[in-house]
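One structure is given below, encoded as structure tokens.
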2 protein chains.
Amino acid sequence: MDFTIWQKNTLKFIILGLLKHNELTGYDIKKLFNCEIGDFWQAKHSQIYPELKKLEEEKLISSHIEISGKKLEKTFYNITATGLTTLNNWLTEPQDKIPPTRDDFTLKLYFIDDKNNPRIEELFAEERLQHEEKLNYLTTRMTELFSSTEKQKAHYGHYLILKKAIIREKAQLNWLNDELNNINK
Amino acid sequence: MDFTIWQKNTLKFIILGLLKHNELTGYDIKKLFNCEIGDFWQAKHSQIYPELKKLEEEKLISSHIEISGKKLEKTFYNITATGLTTLNNWLTEPQDKIPPTRDDFTLKLYFIDDKNNPRIEELFAEERLQHEEKLNYLTTRMTELFSSTEKQKAHYGHYLILKKAIIREKAQLNWLNDELNNINK
DNA sequence: TATAAACATGTAATTTATTACATGTAATAA
DNA sequence: TTATTACATGTAATAAATTACATGTTTATA
């Protein structure tokens with residue numbers, strides 16, 4: 001009997017979730033981390049490809065090869081019945097404590113004690129730029145994908161996380177602007 | 001010549017930052033992750049103690065032992081001049097792209113496509129509880145530590161990150177409540 | 001005065017994630 | 001038509017982080 005609680009391996013479940021509806025190649029999965037889910041998780045191809053092989057060994061996914069063009073072999077993956085069960089179990093598991101944000105911008109701030117240190121303003125300005133760019137991208141995506149309530153309902157989860165990301169970025173930007181105003185006073 | 005860019009090792013700089021003003025033991029540092037900085041980074045003692053030894057080898061910190069009680073040896077660490085320079089360099093480095101939130105609550109949501117799946121409401125309720133508890137803790141800390149503007153100025157960075165965490169939790173809770181209302185419509 | 005909780009420090013094994021190394025095809029634009 | 005970009009897939013080395021194993025002291029409390 002093994003009561004060992006291993007580390008999460010969230011990537012495993014993300015892959016299963018992504019394969020729920022469509023068959024995908026490793027490259028497809030890699031690209032999806034550039035879109036909305038990239039705001040909530042990221043993985044490099046060097047982690048994705050081995051994970052796919054592991055999942056196939058565990059019989060949670062299956063694969064077949066298709067030739068694209070003259071000789072390029074693309075490996076498509078499909079979720080199995082067992083895989084679907086594993087995914088649903090994960091979805092039903094109670095949530096753990098909220099993990100830390102791992103935000104080193106905030107940490108840097110924490111270690112600058114002098115309110116008049118000019119680096120504070122610089123940091124805020126840099127950070128604001130990043131969040132402005134992100135918010136811009138996210139709002140564009142939102143109008144692209146979910147202009148109508150029908151479209152929202154058809155991909156409800158997707159709609160939700162996009163909305164959440166936008167709210168997060170806006171709150172962050174508000175805070176950044178407020179603090180920048182305080183500094184200049 | 002080595003142009004290799006290694007992974008960050010943020011813990012290293014957090015330790016240096018924490019030692020900037022006070023000498024601390026490994027245990028002290030461990031405990032600090034239970035407070036505000038725990039919202040932005042966390043580390044187990046099994047990572048902290050080896051890191052402290054590494055930093056001492058690199059001459060970024062120094063240590064001395066004090067006896068507590070009859071025979072308990074406590075190792076206190078101090079930052080060196082080199083350590084201080086290293087810390088300041090980190091603080092001055094331009095910020096990277098904002099990293100993903102690694103939020104598996106949101107990911108789970110993403111993979112529940114059916115708007116009527118009862119698991120959605122459950123997930124939201126679980127998550128709301130967590131964030132309510134956290135917000136509670138944070139606001140208590142805020143009044144404990146920063147009731148006056150003098151106190152805010154004296155530890156400006158600390159004040160800032162506490163404020164940021166509170167704003168984040170509030171925004172999150174607002175979103176959770178909004179969505180819970182939408183579900184019940 | 002026993003005992004539980006908090007203090008205090010460490011290592012080993014393992015998992016997770018990143019960077020670097022490595023190779024080749026297909027489509028597009030100049 | 002050539003060059004560049006995107007497509008496509010992998011492994012090796014390394015770093016970062018977690019879990020588990022391990023031991024002992026001091027303080028508070030029942």
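So that the names make sense, note that chain A is the first sequence line, chain B the second, and so on, each numbered from 1. Because only heavy atoms are used, hydrogens play no part in the values below, and waters and symmetry mates are left out as well, while side chains stay in. Because the structure is predicted, anything quoted here is derived from the model rather than measured.
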* Structure fact -> Rounded to whole Å, CD1 of B/I29 lies from P of C/dC7 at a distance of 15 Å
* Asked: With respect to the phosphate group of D/dA8, does any side-chain polar atom (N or O) of A/K30 fall under 4.0 Å of OP1 or OP2?
  -> no
* To do: For D/dA8, take OP1 and OP2 only and decide whether either is under 4.0 Å from a side-chain N or O of A/K74.
  => yes
* Asked: Any idea how A/F76 and A/H64 line up, ring-wise: parallel (<30°), tilted (30 to 60°), or perpendicular (>60°)?
  -> parallel
* Asked: Which sits closer to the 5' end of DNA chain C, B/T75 or A/Q42, going by the nucleotide each is nearest to?
  -> B/T75
* Pair A/K134-A/Q172, side-chain donor/acceptor within less than 3.5 Å -> no
* To the nearest angstrom, how far is A/I15 atom CD1 from D/dT9 atom P? -> 13 Å
* Closest heavy-atom contact between A/F124 and A/L176? -> CD2-CD2, 3.2 Å
* Asked: What is the nucleic acid contact for B/K53, judged by heavy atoms within less than 4.0 Å: base, sugar-phosphate only, or nothing?
  -> sugar-phosphate
* **Check ion pair A/K54-A/E57 (N to O, under 4.0 angstrom)** => no
* Using atom NE2 of B/H45 as one end and atom P of D/dA20 as the other, report the distance to the nearest whole Å. => 13 Å
* Is there a side-chain polar atom (N or O) of B/T25 under 4.0 Å from OP1 or OP2 of C/dT9? -> yes
* **Polar side chain donor-acceptor pair, B/Q152 to A/K115, under 3.5 angstrom** => no
* Modelled atom types, side-chain donor and acceptor of A/T92 and A/N89, under 3.5 Å -> no
Where do N or O atoms of nucleotides 24-28 of chain C meet protein N or O atoms at under 3.5 Å, pair by pair?
from, atom 1, to, atom 2, distance (Å)
C/dT25, OP1, A/K71, NZ, 2.8
C/dA26, OP1, A/S68, O, 3.1
C/dA26, OP1, A/K70, N, 2.7
C/dA26, OP1, A/K71, N, 2.9
C/dA26, OP1, A/L72, N, 3.3

* To do: Report yes if at least one side-chain N or O of A/K44 is closer than 4.0 Å to OP1 or OP2 of C/dT19; otherwise report no.
  => yes
* Asked: Rounding to a whole Å, what distance do you find between A/L24:CG and D/dA8:C1'?
  -> 14 Å
* N or O in side chain of B/R102 less than 4.0 angstrom from C/dA17 OP1/OP2 -> yes
* Structure fact -> Whole-Å distance, A/Q47 CD to C/dT19 C1', equals 13 Å
* Between A/K12 and A/E58, is there a salt bridge with N-O shorter than 4.0 Å? -> yes
* Distance, rounded to the nearest Å, where B/K12 contributes NZ and D/dA17 contributes P -> 13 Å
* To do: Let me know the distance between OH of A/Y49 and P of D/dT9, rounded to the nearest Å.
  => 4 Å
* To do: Indicate, with yes or no, if the rings of A/Y110 and B/H158 have centres closer together than 6.0 Å.
  => yes
* Donor-acceptor pair (no angle test) under 3.5 Å: A/S46 side chain, C/dT19 base -> yes
* Distance-only side-chain donor-acceptor flag, A/K59 / A/T82, under 3.5 Å -> no
* Given the rule that a pair is Watson-Crick or G-U wobble with both distances under 3.5 Å, how would you write DNA chain D in dot-bracket, using | for pairs to a different strand? -> ||||||||||||||||||||||||||||||
* Nucleotide D/dA17, atom P - distance to CG of A/D96 in whole Å -> 18 Å
* OP1 or OP2 of D/dT9 sitting under 4.0 Å from any side-chain N/O of A/Y27? -> no
* To do: Could I get the full list of side chain to side chain contact (heavy atoms under 4.5 Å, CB included) partners for B/T101, not counting sequence neighbours?
  => A/F40, A/R168, B/D103
